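What you see is a predicted model, and the numbers here were worked out from it, not measured in a lab. We use all heavy atoms of the structure for the numbers below, so side chains are in, but hydrogens, waters and symmetry mates are not.
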Amino acid sequence: MLLRNRFLLLLALAALLAFLSLSLQFFSRWLPVSMQLKTGTHIHPEFAVHLIAGAQGREDDLNAKNRKRIMPNPLTEPPAIDPLYEASLYCNTLGITVRSMEGHAPHNMKLLSVQVLIRHGDRYPLYAIPKTKRPDIDCVLEPSRKPSHPRLTDFISHMSRGAEGQMDGILNGLPRFPSHSFCEMGELTQTGVVQHLRNGQLLRDIYIKKHKLLPKDWTAKQLYLESTGKSRTLQSGLALLYSFLPEFDWRKINFKHQWSTIFCSGHCDCPMRNHFLEEEQRRQYSFRVKNINLEKTYISMAKVVGVPTRQLRASNPIDSLLCHFCHNVSFPCTKNGCIDIEHFKVIKSHQIEDEKERHEKQLYVKYAKLATHPLLNQTVNRMYRIAQGKKEEIFALYSAHDVTLSPVLSSMGLTEARFPRFAARLVFELWHNPEKKKEHYVRILYNGEDVTFQTSFCRDHERRSNQPLCPLDKFANFVQKEMFLALNSTSYYDACHQRSV
């Protein structure tokens, strides 16, 4: 009898636990995001990182009635292409596990040089949505405020002592780190600084600690540093460099100024490049006007802010909305209502579809080849000098923009690569086998992923060879010859000055 009663008691307890578990899952659908995170209830993993960032984000000064949730509760699997997921990747939310395949090669290979092309980190918008309050974001660096980094305090101190660093041209007049309590348009945020402190730390662990790329007594000649004339690019480059070479000697630092966002230096005279860019812009316009849902969205948003649709569209609202999204700040509201997540999703979806059509039409690729040849040719020539035994410019860093990285990716045939996120990095590694000194190889990595064999010049090599690296000669042949075949030309000058048939 006693055993029977115990069995019934255990059965009742099991039923009660099952009921409580099901109830928790059911009611968690109505819990706020922050509560779901605290209680451990189910959130789809693809959205978890952004939701965590959102739970830690600041409260704005809108009242509860007007406050809009930026990220809705994901209750189902996201579709194959989800605009909110893509937007969170673009934000490069701190907390995502950083993937890194840099520095990986067969054990018998020796690393000779590394060249890094970066996009600046997270920034304040370049445009403001008319008649709305700008997002309230503090650009003063505060190590106690999230997101932060163990080196942030030392970075601020070191940047304050940078008078001995050589900064070319207008770079000399730019601040070494952001410092406005209310961010200025286009200013690098603390998030942007931390993103590149993390990039620098990651590259240091691989290239300095593991591969000993630079000696402890490295010299100025072993570095090549270049930035456009924007504070956000110079500051991003300095943040990465500080984590890569902590407490570096300012007397060894010489940042060159690049006036062109495509880094064409003294080879910018290219009429056909401009022609292809204009054709691409016409394609973009044609594709946009065909999107009826997008136009309806712009009309709806224009009514909210109380301006003509054309004025709203010209303000490039996605730029400002992405800042709200990345920082978990509520979208703008007026007396007419609020811009909401559905508006944002429509515009972001259009961007994704536009990227697809851009690859299909191939107009952008022609522009990209002519836009990036000078930079890629400089990259190849530097590799050849090092392959011949030169010990200069072993580590090169270009601090740039999305309009710099995007055409480089396109020109190399990396059609699957996502549009450059904040603090994106593109790395070119040069390797050789000490036992076969005449054989040199390249690896190309985008945000830590090895994309060498996704490039148009090494795609076939992977299928025909057991060698896990791409020969330098194949990369050089592509840059100096193959790039122009699609343009019915044999050289950069001819391709720039004669119309493609």
On the 0 to 90° scale, with breaks at 30° and 60°, tag the [X]-[Y] ring pair as parallel, tilted or perpendicular.
X: Phe475; Y: Phe428; result: parallel
X: Trp250; Y: His158; result: parallel
X: Phe155; Y: Phe177; result: perpendicular

Answer yes or no: are there more than 12 heavy-atom neighbours, outside [X] itself, under 6.0 Å from its atom [atom1]?
X: Tyr493; atom1: OH; value: no
X: His350; atom1: NE2; value: yes
X: Lys210; atom1: NZ; value: yes
X: Lys252; atom1: NZ; value: yes

Ring pair (Phe, Tyr, Trp, His ring centres under 6.0 Å), paired with Phe395, selected from Tyr207, Phe244, Trp218: Phe244
Do [X] and [Y] pair up side chain to side chain, a donor and an acceptor below 3.5 Å, judged on atom types alone?
X: Thr93; Y: Ser88; answer: no
X: Tyr446; Y: Gln454; answer: no
X: Glu187; Y: Ser231; answer: no

Taking the six-membered ring for Trp, are Tyr224 and Tyr398 closer than 6.0 Å centroid to centroid? yes
Answer yes or no for [X] and [Y]: cation-pi contact, defined as NZ/CZ to six-membered ring centre under 6.0 Å and angle to ring axis within 45°.
X: Lys110; Y: Trp431; value: no
X: Lys348; Y: Tyr90; value: yes
X: Arg358; Y: Tyr364; value: yes

Cys270 and Cys264: sulfurs closer than 2.5 Å? no
Going by the salt bridge (charged side-chain N to carboxylate O under 4.0 Å, His left out) test, name the single residue among Arg418, Lys345, Arg421 that passes it with Glu86. Arg418
